[in-house]
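Working notes for the structure below.
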Number of protein chains: 4
Amino acid sequence: MIETATVKRRGKGRRARQAGPRGGPAPERRAERRKAILAAALQEFSARGFAAARLDDVAVRAGIAKGTIYLYFQDKEALFQDLIRSEMGPVVGTLESALSLDLPTRAVAERAAELFLREILGTSRKDIIRLIISEGPRFPKLAEFYYHEVVARGIAAVRALLARALERGELRSDAISRFPQLLVAPGIVAIIWKSLFESHAPLDVHALMRAHLDLLFGEGNAK
Amino acid sequence: MIETATVKRRGKGRRARQAGPRGGPAPERRAERRKAILAAALQEFSARGFAAARLDDVAVRAGIAKGTIYLYFQDKEALFQDLIRSEMGPVVGTLESALSLDLPTRAVAERAAELFLREILGTSRKDIIRLIISEGPRFPKLAEFYYHEVVARGIAAVRALLARALERGELRSDAISRFPQLLVAPGIVAIIWKSLFESHAPLDVHALMRAHLDLLFGEGNAK
Amino acid sequence: MIETATVKRRGKGRRARQAGPRGGPAPERRAERRKAILAAALQEFSARGFAAARLDDVAVRAGIAKGTIYLYFQDKEALFQDLIRSEMGPVVGTLESALSLDLPTRAVAERAAELFLREILGTSRKDIIRLIISEGPRFPKLAEFYYHEVVARGIAAVRALLARALERGELRSDAISRFPQLLVAPGIVAIIWKSLFESHAPLDVHALMRAHLDLLFGEGNAK
Amino acid sequence: MIETATVKRRGKGRRARQAGPRGGPAPERRAERRKAILAAALQEFSARGFAAARLDDVAVRAGIAKGTIYLYFQDKEALFQDLIRSEMGPVVGTLESALSLDLPTRAVAERAAELFLREILGTSRKDIIRLIISEGPRFPKLAEFYYHEVVARGIAAVRALLARALERGELRSDAISRFPQLLVAPGIVAIIWKSLFESHAPLDVHALMRAHLDLLFGEGNAK
DNA sequence: GATGAATGAGGGTTCATTCAT
DNA sequence: TATGAATGAACCCTCATTCAT
């Protein structure tokens, strides 16, 4: 087949402008729009999934023209990935500091649970997590990012906390220390339940988390 | 018929024939093909997700022509829903009977865990579960079906088991009795972990499940 | 930037089917359609140029649906390139045999000129040549193909003819032998003239060619 | 105003301002910018063709903002047409005076050839000619302009020269007198060759032109 | 029934053109 | 005057669905 060096122009080369020369004519107008697009994208992506979401709808929801999206994001995929990253980045730090408080372990765990309820389950970040679960296998680099930036850091923080707890004799077993996934599992399941079954069988996530902690630490209340 | 919130392009007028006029030309040839299509569909859907999967690829994988799919399934959506239903139905019964065995509760739980590992995590059924998690919000009727046919029945069986266990004093608390989700959560997380992070951090699901049961029942082995 | 191995599916991989399994259900129906598309494409491309031509218009002109084009050609570029190749290939052979006739050189040249007038200037092939001139720089591989398959072969044939002519003393000089471009130049110019200026100043190409041959061979008539 | 057969999207209502209200804010700054834009446009148009060239790239190359182009030119098409006209105008005069020198005809022809090599083939004007060849059919008014302002004047000058040459017996035949295209043809072909085949088969245009003149005038050197 | 060529609506992306600053 | 962000019409290409064979 005859191939050419032609016509197909900008591959991933040209990227959405990051900041105009002299600072750009709209200093934080730009940031606002970017946020509006990300917010709209979150809604559309989480309502329809990556493939089925239409940038047309994202634009309408963001109150801009379709082409404008491309002034802020390379393409649909970059929009998706930027969305994931911008939403998840901030929480990890908060989580890490919550886990490193010098309090009785159960108390720390309860703070973390509250944090999860307030900052994740109660916000659109839960949708981000669903998106990662759903689309991760199709976006290996995104899964990798999420693993390194969120999961691995979270696991490390949990392990540090639990090592101390074990020393202090606050834990029944080293099970969650070896498998921090066990600590988080109910949170994940809560997210999934709420998005699939909430209308059929509402779940009292507060109570679920309390029961979970009771299992781990024995009954008791550190509040 | 299961309806969804998704948009349809062409009319839903004619439906896939359910049985040939005069008895059908191929008695169980028909069943074979149906299975081949479902198997192919499972692969494509779980590799790409519902929206991005192409019926063309399903057909190639099933070794048939594209149009043939429409002799067996109404449309792409029906294929997807039939797939979910045909795969998950059978397991529930097995699970129910495993949970109703008259053995020490820990032993029953271990059987159930083995069953999960063997029949779900070790097979393509884990992909079905991922698909439900991913696409459920877009297919409310499917989530409903899954809730009633799988989740609710599973919960009922677990509750029966645990009620007995509580009476017998085999459980530390009534936590999982009130929230059977806690029992299942590590299994869900294992499925997700394997599809997203296995290459970055392999997970020993056997050990994970054992640690989980240790937490619930205290250390010990009922085998 | 996060990259993925994702989503972007078929690059140039999947090619337009070349022939169905059992010969294809439409034996030469396929060839007919292909021709219809090529004919339509020729019109659109030569009327608007490669970039500005719309496949939509090609489809309408060919009497088919837009998507059908993609059953026959990989993409717009492949259609363009196939067009050039399918049109120019055949003529070269005819030209070569015309040039190798064992006749007085002037007679051979006149046959070639007639051939040019009849088979190129008088047909849509002149548009192909214009297209190559116009788009060649943007399609280097196409220019290469054209150079090797048409130009180089033409030059070789001309050189063979002229070498013989020089031996026989039929030529005034070895100028065109060294620069066969000189032989062809008026033909090229005629094509360009007709497409640009014909309406302002009609050109009698017959007379032009005769005058050209007179210059090369001295006045005389071999017919 | 030059009109074309091409489609316009937005209205042609407002035109590029030709001179600032109260005299214009920048006296010949304006001319400089105009030149910069034209130079940039030449590069982009000749590299990509009219349709595929992007005004964005023109602006970048000219070191201005995209919108600024519209302060100097009506629209893309006007820019293109102004480009052609501004580049070709000047040469014609030079050519005409070269052709009207009172020297032996062969000498005049050689001067003209040198002029062509130096002022056209050796500069970006050759790209202008390629552009006219390529886009002329889509811009009839441009072809008309080019015909009247360049071609017709060139032909007239050539005819005058050759009439004198015939009288003086310096020409073998009246062929080129009747068809001045024959005189120019090798130049055209050289332009095309260089843009298409130079990398495959370099062409010695000097030698080509000399051989051409030898054919017309018989061997000899008037220098 | 089975096939696969054909259809055509749809969506991502581009880019000429406008206009608020 | 100059800027460049914003617009939105277009266009290439895909793919679910149909239907003649």
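Only heavy atoms go into these numbers, but all of them, side chains included; no hydrogens, no water, no symmetry mates.
- When both pairing distances are held under 3.5 Å, dT21(F) makes a Watson-Crick or G-U pair with dA2(E).
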| task | Start with the C-alpha gap between Glu135(B) and Ile84(B), add the side-chain angles, then the distance that decides, and say whether side chain to side chain contact (heavy atoms under 4.5 Å, CB included) holds. | result | CA-CA 11 Å; Glu135(B) 311 290 347; Ile84(B) 302 295; over 6 Å; no

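- Atom C1' of nucleotide dG12(E) and atom CD1 of Ile37(A) are separated by 15 Å, given to the nearest angstrom.
- A donor-acceptor contact under 3.5 Å links the side chain of Lys66(C) to the base of dG10(E).
- Applying side chain to side chain contact (heavy atoms under 4.5 Å, CB included) to Leu79(A) and the options Phe45(A), Tyr70(A), Tyr72(A), Phe50(A) leaves one that passes, Phe45(A).
- Pairing for dA16(F) is with dT7(E), a Watson-Crick or G-U wobble pair whose two hydrogen-bonding atom distances lie under 3.5 Å.
- Ile132(C) places none of its side-chain heavy atoms less than 4.5 Å from the side chain of Phe139(C).
- Between the CG atom of Asp56(C) and the P atom of dC11(F) there is a distance of 8 Å, rounded to whole Å.
- Rounding to whole angstrom units, CD of residue Glu77(D) and C1' of dT17(E) are separated by 14 Å.
- Using a 4.0 Å cut-off, no side-chain N or O of Tyr72(C) falls inside it from OP1 or OP2 of dA5(E).
- Both Thr68(A) and Gly63(B) lie close to DNA chain E; mapped to their nearest nucleotides by heavy-atom distance, the more 5′-ward contact belongs to Gly63(B).
- Note: CZ (Arg30(C)) to P (dG4(E)) measures 13 Å, nearest angstrom.
- Taking atom CZ on Arg54(D) and atom P on dT17(E), their separation rounds to 15 Å, with Å as the unit.
- The shortest distance between the side-chain N/O atoms of Arg33(A) and the OP1/OP2 oxygens of dA6(F) is below 4.0 Å.
- Here salt bridge (Lys or Arg N to Asp or Glu O under 4.0 Å) pairs that include residues 62-71 of chain A, with residues two or more places apart or in two chains, are Asp56(A)-Lys66(A).
- With hydrogens and angles ignored, the 3.5 Å screen pairs no side-chain donor or acceptor of Thr68(B) with any backbone N or O of Ile64(B).
- Each of Ile64(D) and Leu55(B) has a nearest nucleotide on DNA chain F; the 5'-most of these lies closest to Ile64(D).
- Here Ala53(C) lies in heavy-atom contact (under 4.0 Å) with sugar-phosphate atoms only.
- Per the geometry, CD1 belonging to Ile69(C) stands 13 Å off P belonging to dC11(F), to the nearest Å.
- Along DNA chain E, the nucleotide nearest to Lys76(D) and the one nearest to Ala65(C) differ in position, and the one closer to the 5' end is contacted by Ala65(C).
- Between the CG atom of Asp57(B) and the C1' atom of dT14(F) there is a distance of 12 Å, given to the nearest Å.
- For the pair Arg29(A) CZ and dA6(F) C1', the computed distance is 9 Å after rounding to whole Å.
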